Chemist: 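Just dropping this structure here.
Below, chain A is the first sequence line, B the second, and so on; all start at residue 1. Note that the structure is a prediction, hence the values are computed from the model and not measured.
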2 protein chains.
Amino acid sequence: MTRLSIATWNINSVRLRAGLIQRFVEERRPDIVCLQEIKCRNGEFPTHVFTQMGFPHLHIRGQKGWHGVAIASRFALEEISEPDFCPQQEARVAAVRVKGITLHNLYVPAGGDEPDTQINPKFAHKLAFLARMEAYYAAHPTNEPLVLVGDLNVAPGEHDVWGHKQLLNVVSHTPVETQALDKVMARGGFIDLARIAVPPSEKLFSWWSYRSPDWTKNDRGRRLDHIWANRELAKQFDADSFSIHKNARAWEKPSDHVPVMAHFDI
Amino acid sequence: MTRLSIATWNINSVRLRAGLIQRFVEERRPDIVCLQEIKCRNGEFPTHVFTQMGFPHLHIRGQKGWHGVAIASRFALEEISEPDFCPQQEARVAAVRVKGITLHNLYVPAGGDEPDTQINPKFAHKLAFLARMEAYYAAHPTNEPLVLVGDLNVAPGEHDVWGHKQLLNVVSHTPVETQALDKVMARGGFIDLARIAVPPSEKLFSWWSYRSPDWTKNDRGRRLDHIWANRELAKQFDADSFSIHKNARAWEKPSDHVPVMAHFDI
DNA sequence: GTCCTGTTGG
DNA sequence: CCAACAGGAC
């Protein structure tokens, strides 16, 4: 039996923040780092930094400028077919098999400002993405270990946001989104590992907006970044080791998201 | 009798290069630093850095984004009326009296690419600026000590450019510009101090384009930055101490211009 | 607030 | 090549 740790982090430009990843890796020594919003093409990814950090195995799904996801690993990655969640073919999905586990790394569209599919196509795109996720996982049941990580851009629970009532009409916490995410979870047979480790009644955030420089004072965060496992893999989850690396929000030139990390005994 | 040193430097964003100014000041200890292209509003000027460096006296003529000039001094600055050289009212002129000397710090318009006033309004603007300079200095003769410094964006002499013939049709060295500058100098009674210190037959540059990363190899520079004195002050110029700080072009994240410095015994 | 992509200016 | 700006996104 060995141990495997997986981290997920919306890094908001991997080129600008390779140094922060280095710092996180030194402090927490994850085996696998899943990134979102790398904001570069495959060829622009700072591969060298990752190989030097002990991650020779890279699976990069980049594109010019926006979005882009990547998986960096100490262990060999096996290429597998990627589910097609994105109607507009943006680089938002990376999938691999590693140590016998299927790993999906996702970056769900943020959805714009107005939570109205009629007037806001970005919101429609987000809901379409979530609907495709639901359909895919319902159609592909598996008893093999499966882990889904990423910036899902939805804070599903009451205590996944600083103020439930205040955010009910704010994109990321509207009922239509939280219900859509709940359905993905239920029909895919997923378990939200954060809420195994930390009771749902306890506030838990992974993102704090850039727009309030005093984010530390009033702690107005949201939990947008998730690690889900299917029943098979959840058995091997070590709840005591689950962590959200809130410190990283206070580092020099930070991402607005912080790393979330889970350990498995496999 | 005391000594007074004046430096001029097109800094190409004072906020980005405050650290380079610090390094220059430590190495050369100028009494007065005249800057061009500060590229910020008055309120955005890094005043704190200058006071810490021993320059509590600041005269800033900033504007949003482009141009902008400033004078930083160890000695008290007296506000005086500023000549109006700029038809478009850009922040290109700063004037003060310091230690009994009148100091004009100028940033002449670069003039665009095409040396043709018909098709290139920037070139017309540059020539209009130079014509206004000529008219002003001709109309304001003085026996008081006067020094004019700045990025004049003209390399007047054959050996003020890496290749005289190659640049005769390139903005900064066209006959219409060099003659215009010569007329300012002649009618204003100015002396080009660099050419007192260094014979006109010797190549002398203060600017090397960003566009050739191998600027050091072929040394394709131009002398665009000048220190002129009227006859009164020129008597007190110490030619042996004149310097062009070429090293600064090789510093980390440099300006494309380097500091030019003159000492006076007053 | 911060980053990306253009464009314009030097 | 390097810096500003504007516009869009999150």
Side-chain angles (χ1 to χ4, degrees), chain A residues 10-17 20 36-41 44 62-68 88 90-92 107-114 120-123 125-126 151-155 170-172 207-215 220 222 224-225 249 251-257, chain B residues 10-17 20 36-41 44 62-68 88 90-92 107-114 120-123 125-126 151-154 170-172 207-216 220 222 224-225 249 251-257:
Chain A
N10 178 319
I11 196 61
N12 188 14
S13 174
V14 70
R15 286 175 293 179
L16 242 42
R17 287 186 240 286
L20 296 191
Q36 304 87 39
E37 277 208 83
I38 62 172
K39 287 186 171 172
C40 65
R41 299 181 186 91
E44 296 164 336
Q63 69 170 73
K64 189 185 180 190
W66 301 105
H67 325 307
Q88 355 213 121
E90 293 162 343
R92 295 179 175 277
Y107 176 45
V108 173
D113 282 337
E114 208 54 58
N120 176 9
K122 285 192 241 293
F123 195 68
H125 181 209
K126 181 178 196 171
D151 176 3
L152 305 185
N153 263 317
V154 180
V170 171
V171 172
S172 73
W207 172 89
W208 293 261
S209 172
Y210 280 129
R211 294 177 214 187
S212 64
D214 57 339
W215 69 276
R220 294 193 169 181
R222 304 180 204 168
L224 304 178
D225 304 277
R249 188 61 179 77
W251 292 350
E252 193 79 352
K253 286 238 157 219
S255 169
D256 44 354
H257 297 251
Chain B
N10 178 319
I11 196 62
N12 187 15
S13 174
V14 70
R15 286 174 293 178
L16 242 42
R17 286 185 240 287
L20 297 191
Q36 305 86 38
E37 276 207 84
I38 62 171
K39 286 186 170 173
C40 66
R41 298 180 185 91
E44 296 164 337
Q63 68 170 74
K64 188 187 180 189
W66 303 104
H67 324 307
Q88 356 211 119
E90 293 162 344
R92 296 180 175 276
Y107 176 45
V108 173
D113 282 336
E114 209 54 59
N120 176 9
K122 286 192 240 294
F123 195 69
H125 181 209
K126 181 178 195 170
D151 175 4
L152 305 186
N153 264 316
V154 179
V170 171
V171 172
S172 73
W207 173 89
W208 293 260
S209 172
Y210 280 129
R211 294 178 214 188
S212 64
D214 58 337
W215 69 276
T216 187
R220 294 194 168 179
R222 305 180 204 169
L224 305 177
D225 303 278
R249 187 61 179 79
W251 291 350
E252 192 80 353
K253 285 238 157 217
S255 168
D256 44 353
H257 297 252

Chemist: Phosphate oxygens OP1/OP2 of C:dC3: is one of them under 4.0 Å from a side-chain N or O of A:Lys253?
Modeler: yes
Chemist: Counting neighbours of CD on A:Glu252 that are heavy atoms of other residues, nucleotides or ligands and sit closer than 6.0 Å, is the number greater than 12?
Modeler: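 Incorrect, the count does not exceed 12.
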Chemist: Let me know, please, whether A:Pro213 or B:Asp113 comes out on the 5' side of the other along DNA chain C by nearest nucleotide.
Modeler: A:Pro213
Chemist: In whole angstrom, give the distance that lies between atom CD1 of B:Ile38 and atom P of C:dG9.
Modeler: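 Rounded to the whole Å, the gap is 20 Å.
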Chemist: To the side chain of B:Tyr107, which of C:dG10, C:dC4, C:dG1 is closest?
Modeler: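 Between C:dG10, C:dC4, C:dG1, the one nearest the side chain of B:Tyr107 would be C:dG10.
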Chemist: Using modelled atom types and a 3.5 Å cut-off, is there a donor and acceptor pairing between side-chain atoms of B:Lys126 and backbone atoms of B:Asn153?
Modeler: yes
Chemist: Which two nucleotides bound the region of DNA chain D that has atoms under 4.0 Å from heavy atoms of chain A, read 5' to 3'?
Modeler: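 Answer, 5' to 3': D:dG8 to D:dC10.
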Chemist: Under the ring-ring contact (aromatic ring centres under 6.0 Å, His included) test, which residues partner B:Trp66, sequence neighbours left out?
Modeler: none
Chemist: Would you mind reading off the distance between A:Trp215 atom CH2 and C:dT2 atom C1', rounded to a whole angstrom?
Modeler: 16 Å
Chemist: Keeping the roles fixed (side chain from B:Arg222, backbone from B:Ser172), state whether a donor-acceptor pair exists under 3.5 Å.
Modeler: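 No, the answer is negative, given that no donor and acceptor are paired below the 3.5 Å cut-off.
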Chemist: Can you measure A:Arg41 atom CZ to C:dC3 atom P for me and round it to whole angstrom units?
Modeler: 19 Å
Chemist: For B:Arg92 and C:dG9, give me the distance from atom CZ to atom P, rounded to whole Å.
Modeler: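 Roughly 12 Å, once rounded to whole Å.
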Chemist: With a 4.5 Å cut-off on side-chain heavy atoms, are B:Lys39 and B:Val14 touching?
Modeler: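 B:Val14 vs B:Lys39: side chains apart.
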Chemist: To the nearest Å, how far apart are B:Asn120 CG and C:dG9 P?
Modeler: 10 Å
Chemist: Quick one: does B:Arg220's side chain get under 4.5 Å of B:Ser212's, heavy atoms only?
Modeler: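 They are not in contact (no side-chain heavy atoms under 4.5 Å apart), so the answer is no.
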Chemist: Is there a donor-acceptor contact under 3.5 Å from the side chain of A:Asn12 to the main chain of A:His257?
Modeler: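 Side chain of A:Asn12 to backbone of A:His257: no pair is present.
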Chemist: C:dC4 C1' sits how many Å from A:Asp256 CG, rounded?
Modeler: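 Nearest whole value for this atom pair: 14 Å.
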Chemist: Once you round it to whole Å, what is the distance between P of C:dT7 and CH2 of B:Trp66?
Modeler: 15 Å
Chemist: Which whole-number value in Å describes the distance from A:Glu44 CD to C:dC3 P?
Modeler: 16 Å
Chemist: It should be established whether A:Arg15 places a side-chain nitrogen or oxygen under 4.0 Å from OP1 or OP2 of nucleotide C:dC3.
Modeler: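 So the side chain of A:Arg15 is outside the cut-off, no N or O lying under 4.0 Å from OP1 or OP2 of C:dC3.
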Chemist: Which sits closer to the 5' end of DNA chain C, A:Ser212 or B:Ala110, going by the nucleotide each is nearest to?
Modeler: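 Final value for this comparison: A:Ser212.
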Chemist: OP1 or OP2 of C:dG6 sitting under 4.0 Å from any side-chain N/O of A:Lys64?
Modeler: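 For A:Lys64, the contact criterion (side-chain N or O under 4.0 Å from OP1 or OP2 of C:dG6) is met.
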